[in-house]
Amino acid sequence: SLVVTCMEIEPMGRFILTGSDDGTVRLWSVNAAAAAAVNSQRELCVFTGHLGGVWALKVDWERGILVTGSTDRTLIVWNLTNGERLKHLL
């Protein structure tokens, strides 16, 4: 099962990032006008690369940079706009 372990909401409330115990991070688009409705969100990107669960994430929304931390004891720096892995830190 997929368990959300961490999340961050974009300051304008349009996007949400979620980290999960399966080692993935997902970027969601949120329809703020229908936020209470079921299925008011859309998955935009799945970031894969961690071997353990993702328990920390931090985003620089202006620069489009995401950093994730995992139980595999690594940090990954991502390009938020295209999902490219920029650095894998051990």
Nearest heavy-atom neighbours spanning G53 and S70: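 For G53 versus S70, the nearest heavy atoms are O-OG, 3.0 Å.
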Least distance between heavy atoms, A56 atom then C6 atom: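 The answer is N-SG, 3.6 Å.
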Check: W28/T18 side-chain N/O donor and acceptor closer than 3.5 Å: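 Side chains of W28 and T18: pair found under 3.5 Å.
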[atom1] ([X]) with more than 12 external heavy atoms under 6.0 Å:
| X | atom1 | result |
| --- | --- | --- |
| E62 | CD | no |
| R73 | CZ | no |
| W55 | CH2 | no |

Are side-chain heavy atoms of [X] and [Y] found at a separation under 4.5 Å?
| X | Y | answer |
| --- | --- | --- |
| L57 | V25 | yes |
| T24 | V54 | no |
| I65 | V77 | yes |
| L90 | H88 | yes |
| T74 | H50 | yes |
| F15 | I9 | no |
| M7 | I16 | yes |
| L2 | R26 | yes |

Interatomic spacing from CG in L27 to CD in E10 - rounded to 0.5 Å: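 Here the interatomic distance stands at 9.5 Å.
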Inter-residue atom distance E8.CD - W61.CH2, 0.5 Å rounding: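 If we round to the nearest 0.5 Å, E8:CD and W61:CH2 are 6.5 Å apart.
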Verify same cluster id: V46, L80 (apolar side-chain graph, 4.5 Å):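 No, V46 does not connect to L80 through the hydrophobic network.
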Expected output: side-chain N79 to main-chain E84 donor-acceptor under 3.5 Å: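 Not a single qualifying donor-acceptor pair exists.
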Any donor-acceptor pair under 3.5 Å from S20 side chain to V4 backbone: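 Checked: no pair found.
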Derivation and outcome, side-chain contact (heavy atoms from CB on, under 4.5 Å), residues L17 and L66: CA-CA 9 Å; L17 277 160; L66 166 65; 4.0 Å; yes
W78 and F47 aromatic ring geometry - parallel, tilted or perpendicular at 30°/60° bounds: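 Plane angle over 60°, so perpendicular.
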